[in-house]
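One structure is given below, encoded as structure tokens.
Whatever order the structure lists ligands and atoms in, that order sets their numbers, starting from 1. Throughout, numbering of the chain's residues begins at 1 and tracks the sequence.
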Amino acid sequence: MKEDWMRLAQGRDKADPLTAFGERFEHPPGPGGRTATYLCGHSLGLLPRAARTLVEEEFDDWSQYGVEAHTRARRPWVSYHEQLTPLLARVVGAREDEVVAMNSLTTNLHLMMVSFYRPTPERHAIVIEKGAFPSDRYAVVSQLEYHGYDAEDALIEIAPREGQSCVRTEDIETVLAREGERVALVLWPGVQYLSGQAFDLARIAGAGHGVGAMVGFDLAHAVGNLALQLHDSEADFAVWCSYKYLNGGPGAPGGCFVHQRHAHEFSGPRFAGWWGHDKAERFAMEPDFVPIPSAEAWQLSNPPVFALAPLLASLRIFDEAGMSALRQRAESLTGTLYDALAVELGDAIEILTPEAPAERGCQLSIRVLRERDTARALFNELTASGVIADWREPGIIRFAPVPLYNTHADCARAVTALREALYDAD
Ligand SMILES: *Cc1c(COP(=O)(O)O)cnc(C)c1O
């Protein structure tokens, strides 16, 4: 090693009071009785210790009250999701009436497209990034086809320039300036899942609105990661899942943002369910739907209490730490990892994620400059050494030092392990 990264890292950890938050989470064991170096929060966040208590309490209240727990539980089930609302609103920079925790990401994306993808014969194209997460592309193409359009003509995919791994925002603007008249919806990621590139959401929303399109964001990799300002971004809608940086656990209920200008009064189409109906009158069981004047109007069903409990535990921790402090620590963590990778492994890897802190979140994606099988073996060795990252074809390793529970020392350990694996392989 050219520098003593571990000493540097330990100094940074010691100086940062947020380091203590790591103890609020359960870290998986690694080899040799040590704790694993878990850098996979972009895929599944760690378990907040408090989640066990919150779930256990719901068992107790169910046992104690049966159906009456809907109103008598310590956190009444009828309005359980409402406890997450202010916490979520602060995490994404929204008003409380703009957010709701519900469903899964892809379900929410479909519900939002029902309301905000309103194609006409002249204007029906959808803009997404080339190489979008498959579920998003499936959802978009199926919506196009549902309305009788063909992806061949109506799906506009924007790719990075030749030989580059990231998309330039001016290229999105150029495409919109050229194709804008036929674009009904721009669906863009907050952070691209593979490259780790973060985008200026307000600028993209401005470009989309400038040509008369609706603009929605997929925040799967941005929520709980970037210091989002969703309300100010002017986005029409956004969706996310909660098992990545939000630590809600596998398949945890996702979230949805609907901008205030639509949330209060919406005359467009909506797939409705009884949990979107006016709360005061919900149990009057009247036949006609009266929407709640908030993002909750898009809810279909009563809240999954057991699935929301771990998410509530995690959001409380976010609230204590604060998104802007977390973001600052994330820049320090990712900066440490970036520098150590570049200095120690610079000629053996390519870092795909932008170098500028404003253009990335927690995640750094690298490509190992070796044959695919050699690179894969190297990744396996990294895993065996107790560093948990993930592998995505073609030959990309993603690391995410997460500010709530990772340390600068984790970053140093990952680079050391990768270097050792590389030299073994050579
Ligand atoms: C993780 C992820 C999803 C997952 O979708 P689910 O409906 O929660 O299974 C979708 N889109 C993107 C971009 C993701 O990163």
Side-chain angles (χ1 to χ4, degrees), residues 39-46 84 88 91-92 99-114 117 126-143 155 157-160 165-167 172 185-199 201 204 215-226 228 230 235 237-257 271 298-301 303-304 307-308 310-311 314 352-353 360-365 389-393 396-400 402:
L39 296 172
C40 225
H42 58 283
S43 188
L44 185 80
L46 289 182
L84 289 85
L88 260 186
V91 166
V92 300
V99 297
V100 56
M102 62 180 191
N103 308 318
S104 59
L105 186 157
T106 309
T107 307
N108 288 337
L109 181 54
H110 275 297
L111 292 176
M112 289 294 103
M113 284 196 284
V114 163
Y117 172 54
I126 301 181
V127 170
I128 61 171
E129 92 270 28
K130 180 135 185 101
F133 193 89
S135 195
D136 298 45
R137 197 177 186 281
Y138 303 154
V140 163
V141 170
S142 65
Q143 287 277 339
L155 185 64
E157 295 172 283
I158 303 180
S165 52
C166 294
V167 175
I172 306 171
L185 174 67
V186 177
L187 177 68
W188 205 261
V191 172
Q192 216 281 339
Y193 84 99
L194 196 55
S195 69
Q197 181 183 11
F199 291 93
L201 301 187
I204 293 169
V215 179
F217 293 117
D218 181 327
L219 303 178
H221 287 265
V223 68
N225 177 4
L226 305 180
L228 296 163
L230 269 188
F237 71 87
V239 294
W240 58 87
C241 51
S242 304
Y243 44 84
K244 293 170 180 166
Y245 295 103
L246 287 188
N247 318 310
C256 199
F257 162 91
F271 283 176
W298 278 265
Q299 286 183 117
L300 300 178
S301 303
L308 285 169
L311 181 56
S314 176
L352 305 176
T353 311
R360 65 185 189 215
C362 295
Q363 173 191 330
L364 292 185
S365 306
D390 73 5
W391 171 270
R392 285 288 175 271
E393 300 294 348
I396 293 170
I397 302 176
R398 303 185 299 173
F399 297 97
V402 170

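Annotation: side-chain hydrogen bond (donor to acceptor under 3.5 Å, both in side chains) contacts of Asp390 (sequence neighbours excluded): His42, Arg398.
Residue contact check: His221 has heavy atoms under 4.0 Å from atoms 15 (O) of ligand 1. Contact atoms of ligand 1 toward Lys244: 1 (C), 2 (C), 3 (C), 14 (C), 15 (O) (distance under 4.0 Å to a heavy atom of the residue). Those atoms of ligand 1 with a heavy atom of Thr106 less than 4.0 angstrom away are 5 (O), 6 (P), 7 (O). Numbered from 1 in the order shown, with element, the atoms of ligand 1 that lie under 4.0 Å from a heavy atom of Asp218 read 11 (N), 12 (C), 13 (C). Those atoms of ligand 1 that come under 4.0 Å of a heavy atom in Cys241, given as number and element, are 1 (C), 8 (O). Close approach of ligand 1 to Tyr243 (heavy-atom distance below 4.0 Å) involves ligand atoms 1 (C), 4 (C), 5 (O), 6 (P), 8 (O), 9 (O).
Counting only heavy atoms from C-beta outward, the side chains of Lys244 and Leu44 never approach each other to under 4.5 Å. You'll find the side chain of Val239 reaches within 4.5 Å of the side chain of Met112, heavy atoms only.
Ring planes of Tyr193 and His221: tilted class, angle from 30 to 60°.
Scanning all protein heavy atoms for the shortest distance to atom 12 (C) of ligand 1 gives Phe133 CG, 3.3 Å.
Looking at Asp136, Asn103, Val239 and measuring to atom 10 (C) of ligand 1, the nearest heavy atom belongs to Asp136.
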